[in-house]
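Contents: one structure, followed by commentary.
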Amino acid sequence: MIISTRALEAHIGATVALRGWLLSKQVRGKLAFLGLRDGEGVAQLVCEARSLPEDIFASLGSLGLETPLEVKGRVVLPPGKTRPELAVSSLRASPCDPDYPIGRKEHGPDFLMEKRHLWLRAPRQAAILRIRSSLEFACEDFLHQEGFYRFDSPLITPTACEGTSQLFELDYFGKKAYLSQSGQLYAEAGIAALERVYTMGPCFRAEKSVTRRHLTEFWGVEPEMAHVDAEANMAFQERFIRAVLSKVAVEREQDLVELGRDPGSLEFGPGAFPVLLYDEVLALLAKEGREKPWGEDLSVEDEEVLTRLFATPIFVYKYPVACRAFYIEVDSARPELALASDCLMPDGFGEIISGGQRARDLGFLEARIAAQGLGRESLEWYLDLRRWGSVIHSGFGMGIERMLRWICGLHHIREAIPFARNPQRYSP
Ligand code: ATP
Ligand code: MN
């Protein structure tokens, strides 16, 4: 019976088969230890000269890393060890070039990114990608249970919804089009049909510089809800984050541990995530020695200092209107404030979600579009949403790679997606 490396524990004493790739190799006289990896993890294979045909044992010394292997043997738990091993009684290797380019020695990030198609196989990278898959599924699962419909927005669009500076321009049969930087405007069209929708797909941003938190192609999950105001929107985000993290913690416990991450740190205590007004944040930052003029957006460093003061995610609410996109609703009591919130992860991490209540009034939106010098023509359809059936509504967007980076405690976002794109790289 072929089982996966993760199932070894349940088969101690049994004879089973494993199928995978050679990860590591140590031959010592009449004994060889092979590391075998498959899609679920890694297993240690113990090969004794007396248990294998002579030619097979002799061939072990020349096996190259990444050789595909099929092995059979008995699952044993050696005294004093916590992980079962396979005492191999038969082994079949498929052909493989020698000299796998990624060795045991330390490689620099540029080399590894150049060889990303192979680097993916490293146990740590594979663990991250399994966690990513669980994270994406957990987002969809929660939203589905909450009555949302998946609503796939277009990726080719005529709208430059937050200015053109971050857009990838496209020649669309002689006309200008852009790669979508967010599905939100389309999701707003979706709610008048389906009330609760989410988009989940690639977002493209021509970020100008390489940072540890930005990609030029990332995946966004963007829920949008009719009849929900800015405050209910934050409460919903809190439930979303808690549910998603706790599902990932359970499903990927072993992978998290292998990354050195305590699965328990994905759960937060019972108190609600604090909601801090922008004005309060300025005061807090000033106390930390960071005076800021009113009206400026928080910088990466501001978010770092601020989130070090908290052990749970926090919301920063009511940003100055000037810091936010044209479609955000304003506070009727203080029109210089936007009903927008960011959710920041603790311990210096910073922004993971931006959200807010959307402007409902046609005249207000027209004025905002004009004031920001945005092309009104391509937004005419969006204005229609205010002409017919406009209701209070809110939504938010979370970057999958941002969240994964936090979950896994990754230094750099490039490890949070199979093939990262940044201003300097679009291959392999
Ligand atoms: P930042 O201020 O960090 O550059 P933003 O405020 O420009 O991000 P939003 O438009 O609010 O980004 O996008 C919603 C979410 O999408 C962000 O909170 C973040 O999780 C994610 N995100 C935005 N830009 C990127 C990017 N370039 N790479 C990866 N994730 C991103
Ligand atoms: Mn944002």
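Since this is a predicted model, take the numbers as computed values, not measurements. Every number for a ligand or one of its atoms is a count from 1 in the order of the listing.
Using a cutoff of 4.0 Å between basic side-chain nitrogens and carboxylate oxygens, E70 and R92 are scored as salt-bridged.
Numbered from 1 in the order shown, with element, the atoms of ligand 1 that lie under 4.0 Å from a heavy atom of I353 read 18 (O). When each atom of ligand 1 is checked for a heavy atom of S354 under 4.0 Å away, the hits are 11 (O), 18 (O). Near G397, the atoms of ligand 1 lying under 4.0 angstrom from a non-hydrogen atom of the residue are 14 (C), 15 (C). For ligand 1 and R213, the ligand atoms under 4.0 Å from any heavy atom of the residue are 3 (O), 28 (N), 29 (C). Near H214, meaning under 4.0 Å from any of its heavy atoms, are these atoms of ligand 1: 1 (P), 3 (O), 4 (O), 26 (C), 27 (N), 28 (N).
Note on the Mn ion (ligand 2): protein N, O or S atoms under 2.8 Å away count 2, no waters included.
Judged by the 6.0 Å and 45° rule, R196 forms a cation-pi pair with F236.
Backbone and side-chain nitrogen or oxygen atoms of I352 are examined, and one is located within less than 3.5 angstrom of a nitrogen or oxygen of ligand 1. For the pair I413 and ligand 1, the shortest N or O to N or O distance does not fall below 3.5 Å. The shortest N or O to N or O distance between G399 and ligand 1 is under 3.5 Å.
E231 and Y317 share a donor-acceptor pair across their side chains, judged by distance under 3.5 Å alone. When only modelled atom types and interatomic distance are considered, S133 and E136 share no side-chain donor-acceptor pair under 3.5 Å. A donor-acceptor contact closer than 3.5 angstrom links the side chains of Y198 and E140. Side-chain contact annotation: N422 with T216, donor-acceptor N/O pair under 3.5 Å absent. Counting only N and O atoms by type, the side chains of D38 and T5 include a donor and acceptor under 3.5 Å apart. Under the 3.5 Å distance criterion, with hydrogens and angles disregarded, a donor-acceptor pair is assigned to the side chains of D279 and W294.
With rounding to the nearest 0.5 angstrom, the CD atom of E66 is 4.0 Å from the OH atom of Y100.
Using cut-offs of 30° and 60° for the angle between ring planes, the F326 and Y382 rings count as perpendicular.
Side-chain rings of F273 and F310 stay apart, their centers remaining 6.0 Å or farther from each other.
Of the options R402, R405, E207, the smallest heavy-atom separation from atom 3 (O) of ligand 1 is shown by R402.
Of the heavy atoms in E401, none comes closer than 4.0 Å to ligand 1.
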